[in-house]
2 protein chains.
Amino acid sequence: MQDILFGFISKYISLTEEEKNVLLSLELFHSVKKGTVLLTEGQKTQNSFFVLKGCIRSYYIKDGEEKTTAFYTEMEALTPPCVISRTPSDYYISCNEDCILLISDADMSEEVNSRFPKFEIMCMKFSEELLAKERIEFDEFKTSSPEQRYLNLLQKRPDLIQRVPQHQLASYLGIKPQSLSRLRARILEKSKT
Amino acid sequence: MQDILFGFISKYISLTEEEKNVLLSLELFHSVKKGTVLLTEGQKTQNSFFVLKGCIRSYYIKDGEEKTTAFYTEMEALTPPCVISRTPSDYYISCNEDCILLISDADMSEEVNSRFPKFEIMCMKFSEELLAKERIEFDEFKTSSPEQRYLNLLQKRPDLIQRVPQHQLASYLGIKPQSLSRLRARILEKSKT
DNA sequence: ATCATTTCTTAACTTAAGTGAACGAGTTGT
DNA sequence: ACAACTCGTTCACTTAAGTTAAGAAATGAT
């Protein structure tokens, strides 16, 4: 399990054995059952999440409907906007599957950062990278139709289509479940001829 | 002009007079004419842009059509994804109006950062903040219809609707210019009754 | 194993966006 | 001053997504 974490970190900085041990001593790892709600609307939190195994999902509830905005799977990290802005959360995070997560709160990261300044640098690089990735995703979403977005997802994250309920996927693509069904039928029809 | 810059920076860190002078000595300010293309598809660059006055716009050209993805106006900053990923740019940036820009390349920021470490911290905070903002914007886009998106824009950035050509706005909202015209007529019709 | 609930799909109908074309208003260049 | 473009709007028509409803399939709970 730790291998996943250290493999991930090694993409950004290199750690000594001692540093690895300090990280492990912090009791960052948590096993969380499917369905667990990690963050609720209105809640204040300082927690960031890193997915070692499983799938977590962020969503709003607007007019009584869940609006899924993102899925995070193995090796992906999520710092909710409310942690940055220090305001109550606008949205929910819950576990789509049984998960093993690394959960770090702000106090903890401060301690780690002061002991290992390079860790802070890693977070900075990581944040910049995420911002660039986020913007590209946004741009792709904006410039394509729901059908193109689905085909795109099929290319880039085929696992999601298997492991995530259709109605959550539909919401993630910005459409209704019925439209997703129809759209898939349409694509299937096209590929036949 | 400098006041705008230092006013912006003061939201994150405080600078001594000496530090301000060093920044000013770097010749960061540039006057750029409307229509100037600051970044072209395929180009490699290390430049980041900060808008002191005017409006710049990022867009892709897909199937021969401009797809506008963002506008940056006074006090907004843009680091193109290609700067982070160190790959050729996928998109274009051009000036929608005569602009005064602060343009910084990577070498320069490295020098500034090594002389003023707190500057790097500011960039980090800024980047985190941007990421949070970006995600919220994305979420709003995803969870609303074109009409809601237009009304939302009318609330949040009414200036854009005045200063930006309609066809660029339409593309920014993810629709065709004709649809934007129709949508506006529809809203006007509703507000009458 | 059965019942209840949730999830997925299909269908008919409504609403809104895409498309192609036309027109007038405003701009640019010569 | 005029022609050539660009831009915004409107219209008729096409296409796809939203809506409402119904039924089949899968999931969960007792």
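Just so it is clear: chains get the letters A, B, ... in the order the sequence lines come, proteins before strands, and each one is counted from 1.
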Visitor: From C-beta outward on B:Ser181, which listed nucleotide comes closest to its side chain: C:dC8, C:dA17, D:dG8?
Guide: D:dG8

Visitor: Quick one: bend of the helix from C:dA1-D:dT30 to C:dT30-D:dA1 from 5 pairs per end, to 10°?
Guide: 60°

Visitor: Check ring-ring contact (aromatic ring centres under 6.0 Å, His included) between B:Phe50 and all other residues, then give those that pass, not counting sequence neighbours.
Guide: B:Phe8

Visitor: By side-chain contact (heavy atoms from CB on, under 4.5 Å), which residues pair with B:Leu130, not counting sequence neighbours?
Guide: A:Leu131, B:Phe126

Visitor: Look up atom SG in A:Cys95 and atom CZ in A:Phe49, then write down how far apart they are to the nearest 0.5 Å.
Guide: 8.5 Å

Visitor: In whole Å, what is the span from the CZ atom of A:Arg184 to the P atom of D:dA17?
Guide: 14 Å

Visitor: What pairs with B:Ser145 under side-chain contact (heavy atoms from CB on, under 4.5 Å), at least two apart in sequence or on another chain?
Guide: B:Glu147, B:Gln148

Visitor: Is there a continuous path of hydrophobic side-chain contacts, each under 4.5 Å between heavy atoms, that joins B:Tyr59 to B:Ile56?
Guide: no

Visitor: Distance check needed: D:dA16 C1' versus A:Arg149 CZ, whole Å only.
Guide: 12 Å

Visitor: Is there a donor-acceptor contact under 3.5 Å from the side chain of A:Arg115 to the main chain of A:Glu19?
Guide: no

Visitor: Any chance you could measure B:His30, atom NE2, to B:Leu52, atom CG, to the nearest 0.5 Å?
Guide: 10.5 Å

Visitor: Which residues pass the side-chain contact (heavy atoms from CB on, under 4.5 Å) test with B:Ser89, not counting sequence neighbours?
Guide: B:Leu39, B:Cys82, B:Tyr91

Visitor: Let me confirm one number: the CE-OG distance from A:Met122 to A:Ser10, rounded to the nearest 0.5 Å.
Guide: 10.5 Å

Visitor: Could you check whether A:Ser181 and A:Arg184, counting side-chain N and O atoms only, form a donor-acceptor pair closer than 3.5 Å?
Guide: no

Visitor: Rounding to a whole Å, what distance do you find between B:Leu183:CG and C:dT15:C1'?
Guide: 13 Å

Visitor: Should the side chain of A:Arg182 and the base of D:dG18 be counted as holding a donor-acceptor pair, with the cut-off at 3.5 Å?
Guide: yes

Visitor: If you take any heavy atom closer than 4.0 Å to DNA chain C, which residues from residues 155-180 of chain B end up in contact?
Guide: B:Gly174, B:Ile175, B:Lys176, B:Gln178, B:Ser179

Visitor: May I ask you to check whether over 12 heavy atoms, not counting those of A:Lys62, lie within 6.0 Å of atom NZ?
Guide: yes

Visitor: Residues two or more places apart in sequence or in another chain: which of them pass side chain to side chain donor-acceptor pair (under 3.5 Å) with A:Asp98?
Guide: none

Visitor: With sequence neighbours left out, which residue pairs that include part of residues 119-129 of chain A fulfil the side-chain hydrogen bond (donor to acceptor under 3.5 Å, both in side chains) condition?
Guide: A:Tyr12-A:Glu129

Visitor: Whole Å only: how far is the CZ atom of A:Arg186 from the P atom of D:dG18?
Guide: 11 Å

Visitor: For residues 63-72 of chain B, which side-chain N or O atoms pair as donor and acceptor with protein atoms under 3.5 Å away, sequence neighbours left out?
Guide:
| residue | atom | partner | partner atom | Å |
| --- | --- | --- | --- | --- |
| B:Glu65 | OE1 | B:Lys176 | NZ | 3.2 |
| B:Glu66 | OE1 | B:Arg57 | NH2 | 2.1 |
| B:Thr68 | OG1 | B:Arg57 | NE | 3.0 |
| B:Thr69 | OG1 | B:Ser58 | O | 3.3 |
| B:Thr69 | OG1 | B:Ser58 | OG | 2.9 |

Visitor: Quick one: which protein N/O atoms are closer than 3.5 Å to N/O atoms of nucleotides 28-30 of chain D? Pair and distance per line, please.
Guide:
none

Visitor: So that I can tick it off, tell me whether A:Glu137 and A:Lys133 are bridged by a salt bridge, with the cut-off set at under 4.0 angstrom between side-chain N and carboxylate O.
Guide: no

Visitor: Below 4.0 angstrom, which residues in residues 55-73 of chain A have at least one non-hydrogen atom near DNA chain C?
Guide: none

Visitor: Do you reckon B:Met124 sits in the same ILVMFWY cluster as A:Ile13, going by side-chain contacts under 4.5 Å, direct or chained?
Guide: no

Visitor: Write out a two-atom table: protein N or O, nucleotide N or O from nucleotides 22-29 of chain C, distance below 3.5 Å.
Guide:
none

